[in-house]
Peer 1: 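This is the structure I want to talk about, given as C-alpha cells.
Counting convention: from 1, in listed order, for ligands and their atoms alike. For clarity, every value in this text was computed on a predicted model and none was experimentally measured.
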Amino acid sequence: MDFSLDHLIRENIRNLQPYATARHEFSGEAKVMLDANENAIGSPVTLDIAGKHELLNRYPDPVQQKLKHRISEIKGVPVENIFTGNGSDEAIDVLFRIFCEPGIDNVITLPPTYGMYSVAAAINNVKVKQVQLTEEFQMDIQAIADAVDEYTKMIFICSPNNPSGNSITRQDIEIILNNFDGIVVVDEAYINYARQKTLSLQLNDYPNLVVLQTLSKAWGLAALRLGFAFAGKWIIDIMNNVKYPYNINIATQELALLALQNVEKVNEWTRKIIEERILLEKELTDLPFVENIYPSDANFLLVKMQGADDIFKYLQTKGIIVRNRSNVPGCEDCLRITVGTAEENRELVQALKNYQ
Ligand SMILES: *Cc1c(COP(=O)(O)O)cnc(C)c1O
C-alpha cells in the first residue's frame, strides 16, 4: 500500500475484513470439491464455446486470473494492476464505495460528460461539484483548483470525452495528477479511436491514477458487460476486497478470453470506423443547417445544427435514432451521432439531405 494515500480510503473500508472463499488461495488441481455447497451432480444447462463443454455448477474464479493474464498481454499492464468489473460502471461504483464517505465527501465532474459519474455519486449519497469544460471542451484548471476542498476525493476526467468526442489535453491531465491530493479517474472508454496514448502505462508515475477501459465500444462487446480499471496495486487490492466475490460470471470470462484473441480484427474495425467518421464529417459539413462539427477522437460526432430538436424528431420519423444533447449545457443545439456501418451512415446523410 502507498501509505501517503492511505488516508483517502474510508475508515470502514480500511478496516474491512474481506469475504474469503475457500478457493481464493487454492491454485492446485482440486479432485473433490466439498467446500462451497454447490450441486456436485451437474447443471441443467452448459456453456458450449470453442469446442468446450463446460458445466455451470461451480463458482467461477473470483479474481479472474486467466482473463487478467490475457488483458495484461494485450495492454502491457501487469496483472496486479488490473481490476475487472461488470462493465466500467462497476469500477465507478466500487471507487465511490472505497473513497467517498456518504454525506461528507465530494467528487468533481467536468460536464458536459458521461452521466454515470453523477448517478453513481447520487446512489452513494456523495456530492458532485461540477466544473464546466471550456468552449473547446478542455479543462479549466484554475476552476478545478478552486472547486477542490478538503473533502474532495475524486476527479473524473473522460478522455476522449463523451459527448464531445475530443481528447483532453494530456499535459492538463498531468497537472491534475501532480497537484490533486485525491484519486484521478481517467475514463478511456474510447481510447482505441484516439490519437492520444493511453495513460495506463504511467501507473508507476501516478499512485493516484485510475484508468478505466471497457470492451463495450471498440471491442463490440457491450452485451458481455466487461470493463477494466488499471491502477496501482494498493488501489486494485482494495477494489478486489470491495467488489462482489464472483462479479464476473463464467460465461463472460470464457467469452471474453475467446474474444480477446481478435486484436487484429478489432484494430481493423477501428480503422474502418475512423475512416467512416472522417467521411461522415465531410458529408455533414456540406449541409446548410450544420453549424459546427466538433473534432472527434472517438466513434461519434457532436454536431451543432440549427433546429437540432426538430431534426432529431424528423430523423426519428425516418427510423434513425441519434442522441439529442441539445438540452445539455455546453451542447446547445447539438446531436451526438454514432458512426455506424457505411450503409447506415449513407442512410443518415440521405435523410438529412432530404430534410425540409
Ligand atoms: C460507453 C461508456 C462507458 C462504458 O461503460 P460500460 O459499463 O463498460 O459498458 C464508460 N465510459 C464512458 C464515457 C462511456 O461512454
Peer 1: Heavy atoms only: give me the nearest Ala218-Thr270 pair and the separation to one decimal.
Peer 2: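 Heavy atoms only, the tightest pair is CB-OG1, 4.1 Å.
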Peer 1: State if Arg225 counts as touching ligand 1 under the rule of any non-hydrogen atom under 4.0 Å.
Peer 2: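 The answer is yes, since Arg225 has a heavy atom less than 4.0 Å from ligand 1.
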Peer 1: For ligand 1, which part of Glu90 has a heavy atom less than 4.0 Å away: the side chain, the backbone, both, or neither?
Peer 2: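 Neither part.
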Peer 1: Which of the numbered atoms in ligand 1 are under 4.0 angstrom from any heavy atom belonging to Ala189?
Peer 2: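 Once the distances to Ala189 are compared, the set is 2 (C), 3 (C), 10 (C), 11 (N), 12 (C), 14 (C).
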Peer 1: Would you check whether Cys158 reaches within less than 4.0 Å of ligand 1, judged by its heavy atoms?
Peer 2: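 True for this residue.
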Peer 1: Would you mind reporting whether Val148 and Ile108 have side-chain heavy atoms less than 4.5 Å apart?
Peer 2: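 Yes, their side chains come closer than 4.5 Å.
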Peer 1: Measure across Leu8 and Asp181 and return the closest heavy-atom pair with its distance rounded to 0.1 Å.
Peer 2: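 Scanning both residues, the minimum pair turns out to be CD2-O, 3.4 Å.
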Peer 1: For ligand 1, which atoms have a heavy atom of Asp89 less than 4.0 angstrom away?
Peer 2: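 Numbered from 1, ligand 1 contributes 5 (O), 7 (O).
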Peer 1: Looking at atom 14 (C) of ligand 1, what's its closest protein heavy atom, distance included?
Peer 2: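 Nearest neighbour among protein heavy atoms for atom 14 (C) of ligand 1, to 0.1 Å: Lys217 NZ, 3.1 Å.
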Peer 1: Look at atom 12 (C) of ligand 1 and say which protein heavy atom is nearest, naming residue and atom and giving the distance to 0.1 Å.
Peer 2: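 Of every protein heavy atom, Asp187 OD2, 3.4 Å lies nearest to atom 12 (C) of ligand 1.
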Peer 1: Thinking salt bridges, do Arg70 and Glu73 make one under a 4.0 Å N-O criterion?
Peer 2: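 Between Glu73 and Arg70 there is a salt bridge, with a charged N closer than 4.0 Å to a carboxylate O.
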Peer 1: Would Tyr117 count as being in polar contact with ligand 1, using the rule that some N or O on each side must be under 3.5 angstrom apart?
Peer 2: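 No, since none of the N or O atoms of Tyr117 sits under 3.5 Å from an N or O of ligand 1.
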Peer 1: Assess the residue pair Tyr294 and Phe137 against the criterion (ring pair (Phe, Tyr, Trp, His ring centres under 6.0 Å)); give the C-alpha distance rounded to whole Å, side-chain angles, the decisive distance to 0.1 Å, and a yes or no.
Peer 2: CA-CA 9 Å; Tyr294 292 91; Phe137 301 117; 5.0 Å; yes
Peer 1: Quick check on contacts: which atoms of ligand 1 are under 4.0 angstrom from a heavy atom of Ser216?
Peer 2: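 Those of ligand 1 that fall under 4.0 Å from Ser216 are 6 (P), 8 (O), 9 (O).
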Peer 1: Can you see which heavy atom on Arg225 is nearest to which on Thr252, and at what distance?
Peer 2: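 Looks like O-CG2, 4.0 Å.
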Peer 1: Are there more than 12 heavy atoms of other residues, nucleotides or ligands under 6.0 Å from atom CG of Asn37?
Peer 2: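 Not buried by this count: 12 neighbours or fewer within 6.0 Å.
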Peer 1: Please could you name the atoms of ligand 1 that Tyr114 approaches to less than 4.0 Å, counting only its heavy atoms?
Peer 2: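 Counting from 1, the qualifying ligand atoms are 2 (C), 3 (C), 5 (O), 10 (C), 11 (N), 12 (C), 13 (C), 14 (C), 15 (O).
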Peer 1: Enter the distance from Glu254:CD to Asp48:CG here, rounded to the nearest 0.5 Å.
Peer 2: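 Answer for the CD-CG pair, Glu254 versus Asp48, is 11.5 Å.
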Peer 1: Of all the atoms in ligand 1, which lie at a distance below 4.0 Å from a heavy atom belonging to Tyr190?
Peer 2: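 Those atoms are 1 (C), 14 (C), 15 (O).
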